[in-house]
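We name chains A, B, ... by the order of the sequence lines, and we start the count at 1 in each one.
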Amino acid sequence: MKYFDRKFFNQSTLEVAKKLLGKFLVHNQKTEKLVGKIVETEAYSGINDLASHASKGRTPRTEIMFGPAGYSYIYMIYGIYYCFNIVTENKNYPAAVLIRALEPVNPPINEYAKTTGRNDPKPASGPGKLCRYMKIDKKLNSIDLTKNILWLEDRGLLLNQNNIVSSKRIGIEYAKHCKNYKWRFFIKNNIYVSKL
DNA sequence: CAAGAGATCATCT
DNA sequence: GATGATCTCTTGA
């Protein structure tokens, strides 16, 4: 079992987005560890990426994206849901990977349904649902992901280029030509992906 | 099924 | 004051 360090996150965002597929996100809670396998990601890179919050420049909210790699960027969307991102690349270059879907590991789907009353067969498929499943909210914004609260693990799952599909990113129609970038990545044939 | 609306608030203009 | 890196529910074919 390999834990990811800052060096891993400090690579090209597209690389990190692809390499995170098949890896595990862990949230250490007092009573239990919440765990999910990453099956879908999206890259947001540089101020010229009109889909990225950082395209508007440095603001209090996006400041974390301009910081060093390996920190969390969490924001509220549509007043209801949260989105979880991992900051990538060098300091002063704003970039992050949005985690879009997890294959539930712990709690298992049936247990999650029992305790929450949600009878969703894919309770962590989609950026908002995933944060709800992993109990990620704004309190975890801008924390160090190389420490022992929220982190990533390589559990030795092997994935080659043929198992990875790329497509346009979701929900960024406003982003002019950038909406056509194929910066969304997901594991081929994995049913926990949020959309085909 | 597909399409549309509503929920609801942090953030930036 | 408008809008969004979303999700769920309702409507109607």
OP1 or OP2 of [N] sitting under 4.0 Å from any side-chain N/O of [X]?
| X | N | result |
| --- | --- | --- |
| A/Arg100 | C/dT6 | yes |
| A/His53 | B/dT11 | no |
| A/Arg169 | C/dT6 | no |
| A/Lys122 | C/dC7 | no |

Could you state the [atom1]-[atom2] distance from [X] to [N], rounded to the nearest angstrom?
| X | N | atom1 | atom2 | answer |
| --- | --- | --- | --- | --- |
| A/Arg58 | B/dC12 | CZ | P | 14 Å |
| A/Leu50 | C/dA5 | CG | P | 12 Å |
| A/Tyr174 | B/dC12 | OH | P | 13 Å |
| A/Met65 | B/dC12 | CE | P | 12 Å |
| A/Tyr75 | C/dT6 | OH | P | 6 Å |
| A/Lys56 | B/dA10 | NZ | P | 18 Å |
| A/Leu196 | B/dA2 | CG | P | 12 Å |
| A/Phe185 | C/dA5 | CZ | P | 19 Å |

Do we see a donor-acceptor contact under 3.5 Å between the side chains of [X] and [Y]?
| X | Y | answer |
| --- | --- | --- |
| A/Ser52 | A/Ser55 | no |
| A/Ser194 | A/Ser125 | no |
| A/Lys188 | A/Asn162 | no |
| A/Tyr93 | A/Ser45 | yes |

Open item on the list: Check for me, please, whether A/Ile99 and A/Val193 land in the same ILVMFWY cluster - side-chain distances under 4.5 Å, paths through other members count.
Closed with: yes
Task: Geometric cation-pi criterion A/Arg169 and A/Tyr44, 6.0 Å radius, 45° cone - done: yes
TODO: Flag this pair as yes if the NZ/CZ of A/Arg132 is under 6.0 angstrom from the six-membered ring centre of A/Tyr81 and inside a 45 degree cone about the axis; otherwise no.
DONE: no
If you check every side-chain atom of [X], which of [options] has the closest atom?
| X | options | value |
| --- | --- | --- |
| A/Lys138 | B/dA10, B/dC12, C/dT6 | B/dA10 |
| A/Ile170 | C/dT6, C/dT8, C/dA5 | C/dT6 |
| A/Pro127 | B/dT11, C/dT8, C/dT6 | C/dT6 |

- [ ] Under 4.0 Å between any heavy atoms, over every strand shown, what does A/Leu98 touch: base, sugar-phosphate, or nothing? Just pick one.
- [x] base
Open item on the list: What's A/Arg132 touching, base or sugar-phosphate or nothing? Going by heavy atoms closer than 4.0 Å.
Closed with: sugar-phosphate
Open item on the list: Testing the basics here: between A/Glu89 and A/Asn10, what is the closest heavy-atom pair and its distance to 0.1 Å?
Closed with: C-OD1, 3.0 Å
Open item on the list: Salt bridge or not between A/Arg184 and A/Glu40? Use side-chain N to carboxylate O under 4.0 Å.
Closed with: yes
What nitrogen or oxygen pairs link the protein and nucleotides 3-9 of chain B at under 3.5 Å?
| unit_1 | atom_1 | unit_2 | atom_2 | d |
| --- | --- | --- | --- | --- |
| B/dT8 | O2 | A/Tyr78 | O | 2.6 |

Open item on the list: Counting Watson-Crick and G-U wobble pairs with both distances under 3.5 Å, what is the dot-bracket string for DNA chain C, 5' to 3', using [ ] for crossing pairs and | for pairs to another strand?
Closed with: ||||.|||||||.
- [ ] Measure from the side-chain N and O atoms of A/Lys23 to the backbone N and O of A/Leu152, and report whether any donor-acceptor pair falls under 3.5 Å.
- [x] no
